[in-house]
Amino acid sequence: MEQYIMKGGNPLVGEVVISGAKNAALGILAASIMTDEDVIIDNLPDVSDINVLLEAIAEIGAKVERMDRHTVKINGSNIHNISVDDEYIRKIRASYYFLGSLLGKYKSAQVPLPGGCNIGSRPIDQHLKGFMALGADVKIEKGAVIVHAIDLVASHIYLDLVSVGATINIMMAASMAEGQTIIENAAKEPHIVDVANFLNSMGANIKGAGTDIIRIKGVKSLHGTQYSIIPDQIEAGTFMCAAAITRGDVIVRNVIPKHLEAISAKLSEMGCEVIEFDDAVRVVGKPLQRHTNVKTLPYPGFPTDMQPQMVVTLALASGTSMVTESIFENRFKYVDELARMGSKIQVEGSVAVIDGVNKFTGAKVKAPDLRAGAALVIAGLAADGYTTVDDIEYIQRGYEKFEEKLHALGAVIERVDTDKEAAKFRFRVG
Ligand code: UD1
């Protein structure tokens, strides 16, 4: 089993270039099959979630041509199957986007219910409510969601809670419904805007993405396009925290600083220097960093996908910080792993109370999920001695060349497959 092994203690210094946004790419790839013409997408992140979704797209009959690791040409004219295989949904939750894209284009889709995820229960009732409002019949049979409509007709949909997935799914289906759909209480995340821009570049008529009211005038068909995906806000935030926690100095390039404001604000409150450029952010970590409080919220609030990286950073700041997780109920599981490094964190329901410590000591830990896995890696880079992080396939779902990018910043880290390789690393590093 692959793991990361690292020797902590080096401040990260230098520049890192951020890849395309995984969560935007997942929505955009699912939407790319809604036309019969060629679609070229670039700035794709080369991460396993994307590669699995591309396999699922090929599996239903679309032509998928990898032009290079970051560019793909997709043609959805020969889709022969509106049913997505179980195997893909189990690997990747975002396959539920096929419900919206296939329903929009073919008025029919069948996708296995996304399984439980280890950050909490993740129902899809709002997605289904949206499809029903558009006139689709929704059935759940043998663990699959089956949606079918004779005609999709526009509707006024009020989401009971702010959901990224439901907003994107409804936007896709409504793009090809008859009339004007209004989504109220829509999510406003940068990737909602990116998926809307992508659909508009295919001839859709979506207005208001990025605000909480989105208006979608349905069109009869969509056409081919060429589109470049926005930079990954969460990958960027992870490197910003890595700079802070290792007391380093990192310029994070190829970002949209506006998307990072919630993270920049918290790091500044902690006493880090955060300097914004047009398409870069520089973070200078200070020896003594202060406690602060954080509450995760839908965008433009502090992103839940940055919560673990922020918690590990606060765990090495002076004083007591409180972090409230208000999106997913089970997202503090990594705290037990972090305790092995000497952190002092008490979790009470949705609140983590963090008593900052002066140092972490290296330990053997396991990545419980994607973002918590990345957080444990940056904690290991700030710890005295060796840390190993197991179950890194979670991290590879969302971070392109993670260890290579960290290594280029001066981190002493390697991906190893065997105990012998780990022993060699220790011998070499001393
Ligand atoms: C997306 C992101 C994920 C991020 C999350 C919140 C992708 C592929 N994933 O996930 O990385 O952590 O947004 O920013 O983009 N909910 C319901 N019913 C629904 C839908 C959601 O109750 O029908 C609840 C969820 O359980 C959760 C909250 O709403 O508590 C937000 O979920 P949502 O925004 O839908 O997250 P995802 O789209 O699954």
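Whatever order the structure lists them in is the order used to number ligands and atoms, beginning at 1. The figures here come from the full heavy-atom set of this structure, side chains too, leaving out hydrogens, waters and symmetry mates.
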With heavy atoms and a 4.0 Å threshold, my read on which part of Y299 contacts ligand 1 is neither
Kindly say whether K217 contributes a backbone atom to a donor-acceptor pair with the side chain of K207 at under 3.5 angstrom?
-> no
With heavy atoms of R93 as the reference, note each atom of ligand 1 found under 4.0 Å away.
-> 39 (O)
Minimal heavy-atom distance between F332 and S350, with the atoms involved, is CE1-O, 3.4 Å
What are the two closest non-hydrogen atoms of A173 and L134, and how far apart are they?
-> CB-CD1, 3.8 Å
What atoms of ligand 1 come closer than 4.0 angstrom to any heavy atom of R331?
-> 12 (O)
Considering only heavy atoms of P123, which atoms of ligand 1 have at least one such atom less than 4.0 Å away?
-> 16 (N), 17 (C), 18 (N), 19 (C), 20 (C), 21 (C), 22 (O), 23 (O), 26 (O)
Min over V195, L161, I234 of heavy-atom distance to atom 29 (O) of ligand 1 lands on L161
Minimum heavy-atom separation for Q126 to I170, with atom names?
-> O-CD1, 3.9 Å
Do side-chain atoms of S326 reach the backbone of T296 as a donor and acceptor pair under 3.5 angstrom?
-> yes
By number and element, which atoms of ligand 1 are closer than 4.0 Å to a non-hydrogen atom of G165?
-> 35 (O), 38 (O)
Is there at least one pair of N or O atoms, one from F328 and one from ligand 1, spaced under 3.5 Å apart?
-> no
D49 with R397: basic N within carboxylate O range, under 4.0 Å | yes
Of D305, I327, L26, T167, which has the heavy atom at the shortest distance from atom 3 (C) of ligand 1?
-> D305
Between K129 and D160, does at least one N-O distance fall below 4.0 Å, as a salt bridge requires?
-> yes
Flag, side chain of R247 to backbone of I245, donor-acceptor distance under 3.5 Å | yes
Atoms of ligand 1 less than 4.0 Å from T304 heavy atoms?
-> 6 (C), 12 (O), 14 (O)
Quick one: does A166 get within less than 4.0 Å of ligand 1, heavy atoms only?
-> no
Which one holds for H127 and ligand 1: side chain close, backbone close, both close, or neither close, with close meaning a heavy atom under 4.0 Å?
-> both
Would you mind listing which atoms of ligand 1 come within a distance below 4.0 Å of any non-hydrogen atom of H191?
-> 15 (O)
Could you check which of V162, D160, N23 puts a non-hydrogen atom nearest to atom 8 (C) of ligand 1?
-> N23
Numbering as shown, the atoms of ligand 1 that approach Y96 to under 4.0 Å (heavy-atom distance) | 37 (P), 38 (O), 39 (O)
Heavy-atom contacts with Q126 under 4.0 Å: which atoms of ligand 1 show up? List them by number with element.
-> 18 (N), 19 (C), 23 (O)
Output yes when R69 and D46 qualify as a salt bridge under the 4.0 Å nitrogen-oxygen rule, no when they do not.
-> yes
Salt bridge or not for D305 and R331, using N-O below 4.0 Å?
-> yes
